[in-house]
Protein chains: 2
Amino acid sequence: MDKREQLIESTRELLWERGYVGTSPKAIQERSGAGQGSMYHHFQGKSGLALAAIGRNADDLRARAEAEFTGSGTVVERITVYLRRERDALKGCPVGKLTQDPDVMADADLRKPVEEAFGWVTGRLAELLEEGREKGELDASLDPLATAIALVAVLQGGYVLARAAGSPDVFAKAVDGALGLLATKEN
Amino acid sequence: MDKREQLIESTRELLWERGYVGTSPKAIQERSGAGQGSMYHHFQGKSGLALAAIGRNADDLRARAEAEFTGSGTVVERITVYLRRERDALKGCPVGKLTQDPDVMADADLRKPVEEAFGWVTGRLAELLEEGREKGELDASLDPLATAIALVAVLQGGYVLARAAGSPDVFAKAVDGALGLLATKEN
DNA sequence: GTCTATAGATAGATAGAC
DNA sequence: GTCTATCTATCTATAGAC
């Protein structure tokens, strides 16, 4: 792997672990094994490097979810696969975490991939719920978009509560609770 | 208000806006109107000040929720009041946000009030759901603890999605979705 | 109690040699 | 492309005057 690639991957790790504000160019250089010169040759600075790293995180989020949404099984089965996917609950979501970072949200370029990723995933999940309703698999009273947003929120909030408790079990419980509620909407 | 008080309140604001890592002693001093000397006289340092500020945030979270949980109305009505309380969706939760801050989570003293606040709120909400089940207001199939965690997660995740979208409407939609699902469990 | 002065360390970036 | 040297500003804290 070349230096440029190492820099991006090390930045992804550090953004995940420490956020944008908490990550220094020096820390990135040390982890990637690249020097100052390398970093500033390949990227315009900390923000340029972060943009590349965040873009990859966002693309990953989309790719994984899309694979699960288009998998086999009923709508509820596919949603269950998505919600129950193994996640590193105590580390948090590499994309969702960025929403709590003041300097990411203040920079339109850095914020855009985050906004798009969640806009996409909630929209796509809403389509899936709508499909379930049309097929009679889910109750007609279910609001596809609101439910989709609530389900994604359970994941994002599940990370928060799991980190607060210091236990991944809390994340699993949040998902259990959401699926328990969704089950009642099944026909 | 004396300097000590000003320091704590300014720290609460800054922790909310910029997190612990993103808040410098200098910024606290400027906002509070206190100098270096004042700050280090009243507190042991940045972390000591943060401890006082986080403690107040955690106490606030508890006090507000407790007032809503013990209000009048059915269990579902009280939960609805709690979930629909007006919140500054784009600012995020003053307590939940801290779970994403690496230096807060790494310090046992700073982390404790956060852990306790969410442990308390999910536990209390679970009791309320259990009460609803006993009274026949909620379906027997409902898992009180898992549902409680899911509902609090919807709030915490609602903040994340609202900030990602740059719109408080997304927070409201998350709550709508959660209440829509919960409604099906009503007898 | 509060202020100013000071200090070592790090943040984030530039310059220029190789 | 990568490295080292250098730079200004800020971070966090201590010292000591008032």
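Proteins get letters first, then strands, A, B, ... in listed order; numbering begins at 1 in each.
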Sequence neighbours excluded and cut-off under 3.5 Å, please list the side-chain donor-acceptor pairs for residues 179-187 of chain B, or say none.
{"residue": "B/Thr184", "atom": "OG1", "partner": "A/Lys185", "partner atom": "NZ", "Å": "3.3"}
{"residue": "B/Thr184", "atom": "OG1", "partner": "B/Gly180", "partner atom": "O", "Å": "3.4"}
{"residue": "B/Thr184", "atom": "OG1", "partner": "B/Leu181", "partner atom": "O", "Å": "3.1"}
{"residue": "B/Lys185", "atom": "NZ", "partner": "A/Gly180", "partner atom": "O", "Å": "3.4"}
{"residue": "B/Lys185", "atom": "NZ", "partner": "A/Thr184", "partner atom": "OG1", "Å": "3.3"}
{"residue": "B/Lys185", "atom": "NZ", "partner": "B/Ser141", "partner atom": "OG", "Å": "2.8"}
{"residue": "B/Asn187", "atom": "ND2", "partner": "B/Gly136", "partner atom": "O", "Å": "3.3"}
{"residue": "B/Asn187", "atom": "ND2", "partner": "B/Leu138", "partner atom": "O", "Å": "3.3"}

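Every residue meeting the side chain to side chain donor-acceptor pair (under 3.5 Å) condition with A/Glu131, not counting sequence neighbours, appears here in chain and number order: A/Arg78, A/Lys135. Remark: B/Glu66 engages B/Arg124 in a side chain to side chain donor-acceptor pair (under 3.5 Å) (not counting sequence neighbours). Looking at residues two or more places apart in sequence or on another chain, you find a side chain to side chain donor-acceptor pair (under 3.5 Å) between A/Arg85 and A/Glu68.
Put simply, CE on B/Met39 is 12 Å from P on D/dC11, counting in whole angstrom units. Rounded to whole angstrom, the span from the OH atom of B/Tyr40 across to the C1' atom of D/dC11 amounts to 9 Å.
Here the side chains of B/Gln156 and B/Phe118 are in contact, with some heavy-atom distance below 4.5 Å. When side chains are defined from C-beta on, B/Pro25 does not count as touching B/Leu49, because their heavy atoms never get closer than 4.5 Å.
With a heavy-atom cut-off of 4.0 Å to chain B, the contacted part of DNA chain C has its first and last nucleotide at C/dG1 to C/dA5.
Ion pairing between a basic and an acidic side chain is recognised when a charged N comes within 4.0 Å of a carboxylate O; A/Glu130 and A/Arg133 show such pairing.
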Original post:
Could you walk me through whether A/Asp60 and A/Arg12 pass the salt bridge (charged side-chain N to carboxylate O under 4.0 Å, His left out) check?
Top reply: CA-CA 12 Å; A/Asp60 258 29; A/Arg12 292 180 71 182; 3.3 Å; yes
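Summary of the strand contacts: B/Arg4 and B/Gln36 both lie near DNA chain C, and taking for each the nucleotide with the nearest heavy atom, the more 5' one is attributed to B/Arg4.
Taking every heavy atom of residues 5-32 of chain B and every atom of DNA chain D, pairs under 4.0 Å involve B/Thr23, B/Ser24, B/Pro25, B/Lys26, by number.
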